[in-house]
Amino acid sequence: MQLPTPHPDTATDWVREHLGDLCRDEPVASGAFRGGQTAAGAAVAALDLTGYAKRRNEVLPVSRRGATALSPWIRHGLVDLPTAWDAAADAPPRDRAKFRDELCWQEYARHLYARLGTRTRSALRAAPARAEQGWDEPWPAEMACVDACLTELHTDGWLVNQTRMWLSSQWTVRAGHEWAGGESEFFAHLLDGSRAANRLGWQWTVGAGTGKPYGFSRWQVRKRAPQLCGSCALSDACPIEHWPADPPSRPAPEHDPRLRSDPDPETTGGPAAPVSTGAAPEAVWLTAESLGDADPALDAHPDLPAVFVFDEPLLRRLRLSGKRLVFLAQTLADLGERRAVLVHRGVVADELDGTPVAVTHAPVPGFTTRSAAVRPVVVHPWPWLYRPHAGPVTSFTAWRRRLPRRGGKPSTTPPRQGV
């Protein structure tokens with residue numbers, strides 16, 4: 001089904017009319033972010049990393065925050081990692097190094113996901129640190145710290161790194177719920193939600209990736225957002241006053257040999273140069289991983305229309321928040337101001353059937369299966385910060401040891417989630 005191309009001023013109404021039945025809630029725009037290359041370019045132009053290393057984990061007041069909030073645009077390729085890396089060139093050395101560490105963490109998440117795919121649904125290296133005595137409600141609204149985080153998640157579709165760790169640790173390490181359920185809740189609402197970064201962040205926080213869980217307690221709230229405790233109805237009977245108890249031991253997950261080595265890193269990374277069947281493309285197929293003007297396929301074929309398919313079976317299964325689909329619609333509407341954009345809804349292979357397309361490789365399992373059905377005539381390389389290597393991805397540190405130098409002294413401190 002071909003849909004009318006959305007307009008920048010009416011993207012929310014467009015989603016409500018054409019995709020509303022696929023959303024878990026009423027489609028609304030994010031209160032803090034707008035989709036599209038125009039908004040992404042403005043965010044990069046305004047980037048000021050001064051104080052980033054010291055303040056990126058601050059929560060409240062908002063004026064104390066040092067996080068860049070670039071991640072929604074990074075997630076959809078409106079700002080690729082090499083561009084973000086270069087944008088930090090003139091930042092103070094300590095802040096530049098920390099910011100680039102976080103970009104490397106994003107790249108590590110993509111390498112891990114490209115190699116392991118759906119295996120990341122379950123614990124990779126250690127049993128998650130689940131509390132023995134579970135809570136009925138993992139995120140009680142009576143807790144001001146939890147309520148404030150959820151309000152921002154549901155209103156803006158974004159959270160700072162610190163509050164992501166608070167909520168994920170609270171869900172599993174303290175409340176004893178299965179981490180995959182909380183990860184899916186994040187994924188449904190986060191504008192930067194990707195299975196790569198989101199799953200890795202949860203695995204790290206609950207100890208499934210490292211064996212060392214992050215413990216959430218009142219101490220972190222008092223340090224990063226002290227006003228929340230003062231307004232909390234549970235201030236005198238705080239359920240997280242002390243550190244979480246040590247969880248009971250559980251069997252470690254079965255080892256996946258791909259954590260140690262990749263037998264085919266070239267396939268994992270996709271083509272290093274454009275691959276063509278010799279046929280001429282008639283359109284550029286865009287995926288949700290790469291929607292920016294600098295998408296290699298878009299850039300190589302400036303006179304062809306772009307086509308994007310809202311994958312109906314996938315979206316019906318995921319039941320994402322309407323904010324995520326509005327962000328995508330805003331992005332397509334913005335692109336439509338500069339070139340022809342065709343928007344479809346349905347099964348991707350059916351909607352593109354009979355159209356020879358060029359596409360940029362995407363390092364996600366879904367691209368592999370859909371690409372096999374679509375059979376693009378040209379596949380362009382993904383814009384990696386570092387191409388995948390064959391060595392271990394057991395940890396960020398082990399992965400990074402195998403990287404070539406890209407400028408700037410590498411840090412030895414693993415980052416966490418987001419930028």
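- Under a 3.5 Å cut-off, the side chain of Arg110 and the backbone N or O of Ala196 do not form any donor-acceptor pair.
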Please tabulate, for the side chains in residues 177-184, all donor-acceptor contacts under 3.5 angstrom to protein atoms that are two or more places apart in sequence or on a different chain.
from, atom 1, to, atom 2, distance (Å)
His177, NE2, Trp135, O, 2.6
Glu178, OE1, Arg130, NH1, 3.3
Glu183, OE1, Arg195, NH1, 3.0
Glu183, OE2, Arg195, NH1, 3.0
Glu183, OE2, Asn198, ND2, 2.8
Ser184, OG, Ala180, O, 3.2

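- The local environment of CG in Asp90 is sparse, with at most 12 non-hydrogen atoms from other residues, nucleotides or ligands closer than 6.0 Å.
- In terms of modelled atom types and a separation under 3.5 Å, the side chain of Arg55 and the main chain of Thr50 share a donor-acceptor contact.
- A 4.5 Å side-chain heavy-atom check between Pro305 and Arg339 finds every atom pair outside the cut-off.
- In terms of modelled atom types and a separation under 3.5 Å, the side chain of Glu58 and the main chain of Arg65 share no donor-acceptor contact.
- Distance alone, capped at 3.5 Å, places no donor-acceptor pair between the Glu102 side chain and the Phe99 backbone.
- Under a 3.5 Å cut-off, the side chain of Tyr108 and the backbone N or O of Val393 do form a donor-acceptor pair.
- Between the side chain of Asp311 and the backbone N or O of Val348 there is no donor-acceptor pair closer than 3.5 Å.
- At a threshold of 4.5 Å between non-hydrogen side-chain atoms, the residues Tyr52 and Pro92 do not count as touching.
- His380 and His301 have perpendicular rings, their planes meeting at more than 60° on a 0 to 90° scale where under 30° would count as parallel.
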Check step by step if side chain to side chain contact (heavy atoms under 4.5 Å, CB included) holds for Leu153 and Trp158. CA-CA 5 Å; Leu153 175 64; Trp158 191 77; over 6 Å; no
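- For Arg218 (side chain) and Ser235 (main-chain N/O), a donor-acceptor pair under 3.5 Å exists by modelled atom type.
- In this view, Phe187 satisfies the ring pair (Phe, Tyr, Trp, His ring centres under 6.0 Å) rule with no residue, not counting sequence neighbours.
- Checked for salt-bridge contact, Asp13 and Arg16 meet the test: a charged N lies under 4.0 Å from a carboxylate O.
- Between Trp384 and His111, the distance separating the two ring centers is shorter than 6.0 angstrom.
- With hydrogens and angles disregarded, a donor-acceptor distance shorter than 3.5 Å links the side chain of Thr360 to the backbone of Ala297.
- The aromatic rings of Trp14 and His18 sit tilted relative to each other, their planes meeting at an angle between 30° and 60°.
- Ring-plane geometry between Phe396 and Trp399 is classed as tilted, the angle between the planes lying from 30 to 60 degrees on a 0 to 90 degree scale.
- The only member of Thr163, Val160, Asn161 that meets side chain to side chain contact (heavy atoms under 4.5 Å, CB included) when paired with Asn57 is Asn161.
- Aromatic pair Phe367/His361: ring centres closer than 6.0 Å.
- Proximity of Arg260 to Thr394: side-chain heavy atoms (C-beta onward) are separated by under 4.5 Å at one or more points.
- A side chain to side chain contact (heavy atoms under 4.5 Å, CB included) with Phe33 is found for exactly one of Leu191, Val326, Asp192, namely Leu191.
- Residues Ser168 and Phe216 are not in side-chain contact: their nearest non-hydrogen atoms beyond the backbone lie 4.5 Å or more apart.
- Other residues, nucleotides and ligands contribute only 12 or fewer heavy atoms inside 6.0 Å of the CZ atom of Arg375.
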